[in-house]
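Here is the structure we will look at.
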Amino acid sequence: QVQLVESGGGLVQAGGSLRLSCTASGRTYSDYVMGWFRQAPGKEREFVAHISWSGDRTLYADSVKGRFTISRDNAKNTVHLQMNSLKTEDTAVYYCAAGRIFVVAPGLYDYWGQGTQVTVSS
């Protein structure tokens with residue numbers, strides 16, 4: 001089992017920045033691909049970004065490319081999502097997830113956090 005806890009969400013104006021963090025505990029965190037997903041009201045959960053276990057591979061959704069940066073610190077069992085130039089359409093609950101393979105489908109991730117709300121106002 002891997003337990004994931006997100007933090008860092010909040011309310012920010014459009015154009016602002018937030019940094020989300022996800023802290024893992026339980027089984028060997030560094031073995032897992034770590035991903036960030038988001039879900040807006042009335043919409044399906046969507047892929048945002050993920051990072052390989054070593055941190056040398058990352059992938060971003062087109063909608064966040066160039067604005068968001070994912071990083072991980074295996075020594076601290078944490079993964080971060082730096083979000084810059086936020087837009088109102090980035091408003092959603094953001095979830096951290098851990099999985100064994102480098103994929104974007106949320107159904108293929110094994111463990112999930114409880115989510116943290118990000119609200120971007122105009």
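A donor-acceptor contact shorter than 3.5 Å links the side chain of Tyr60 to the backbone of Ile70. Of the possible donor and acceptor atoms, one in the side chain of Glu6 sits under 3.5 Å from a partner among the backbone N and O of Gly115.
More than 12 heavy atoms of other residues, nucleotides or ligands shown are found within 6.0 angstrom of CZ on Arg100. Within 6.0 Å of CD in Glu89 there are more than 12 heavy atoms belonging to other residues, nucleotides or ligands.
Contact check for Arg45 versus Arg38: no side-chain heavy atoms found under the 4.5 Å cut-off. Proximity of Thr23 to Gln3: side-chain heavy atoms (C-beta onward) are nowhere separated by under 4.5 Å. At least one side-chain heavy atom of Val104 sits less than 4.5 Å from a side-chain heavy atom of Leu59. Using a 4.5 Å heavy-atom cutoff, the side chains of Gln114 and Val5 are in contact. A heavy-atom distance below 4.5 Å is not found between the side chains of Lys76 and Ser21. The shortest distance between side-chain heavy atoms of Val33 and Ile101 does not fall below 4.5 Å.
By the side-chain hydrogen bond (donor to acceptor under 3.5 Å, both in side chains) test, Lys43 pairs with no residue at all, sequence neighbours left out. In this view, Arg67 and Asp90 satisfy the side-chain hydrogen bond (donor to acceptor under 3.5 Å, both in side chains) rule, not counting sequence neighbours. Annotation: salt bridge (Lys or Arg N to Asp or Glu O under 4.0 Å) contacts of Asp62 (sequence neighbours excluded): Lys65. Checked against side-chain hydrogen bond (donor to acceptor under 3.5 Å, both in side chains), Ser17 has the following partners two or more places apart in sequence or in another chain: Asn84. For Tyr109, the side-chain hydrogen bond (donor to acceptor under 3.5 Å, both in side chains) partners are His50, not counting sequence neighbours.
The disulfide bond (SG atoms under 2.5 Å apart) pairs that include a residue from residues 90-122 are Cys22-Cys96, where partners are two or more places apart or lie in different chains.
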Stepwise side chain to side chain contact (heavy atoms under 4.5 Å, CB included) check, Leu20 with Met83 = CA-CA 8 Å; Leu20 304 183; Met83 306 186 295; 3.7 Å; yes
key: Verdict with supporting geometry, Leu81 and Thr69, side chain to side chain contact (heavy atoms under 4.5 Å, CB included)   = CA-CA 6 Å; Leu81 186 68; Thr69 302; over 6 Å; no
request  = Evaluate the side chain to side chain contact (heavy atoms under 4.5 Å, CB included) criterion for residues Ser71 and Met34: first the C-alpha distance (whole Å), next the side-chain angles of each, then the deciding distance (0.1 Å), finally the verdict.
outcome  = CA-CA 9 Å; Ser71 61; Met34 298 301 298; over 6 Å; no
inquiry  = side chain to side chain contact (heavy atoms under 4.5 Å, CB included) for Tyr95 and Thr116? Distances and angles first, verdict last.
reply    = CA-CA 7 Å; Tyr95 297 90; Thr116 185; over 6 Å; no
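When all heavy atoms of Ala24 and Val2 are compared, the closest pair comes out as CB-CG1, 4.2 Å. Of all heavy-atom pairs between Tyr94 and Val48, the closest is CE2-CG2, 4.3 Å. Heavy atoms only, all atoms of each residue included: Thr91 and Val120 are closest at OG1-N, 2.9 Å. Residues Ala92 and Ala40 come closest through the heavy atom pair CB-N, 3.8 Å.
Taken from OG in Ser52 to OH in Tyr32, the straight-line distance is 15.5 Å, to the nearest 0.5 Å. Atoms NZ and OG, from Lys87 and Ser122 in turn, are 14.5 Å apart once rounded to the nearest 0.5 Å.
In the hydrophobic cluster analysis, where Ile, Leu, Val, Met, Phe, Trp and Tyr join through side-chain heavy atoms closer than 4.5 angstrom, Leu86 is grouped apart from Leu11.
Taking the ring axis of Trp53 as reference, the NZ or CZ atom of Arg72 does not stay both within 45° of it and closer than 6.0 Å to the ring centre.
For Phe68 and Trp36, the ring centers sit 6.0 Å or farther from each other.
Using modelled atom types and a 3.5 Å distance limit, the side chains of Gln117 and Thr119 yield a donor-acceptor pair.
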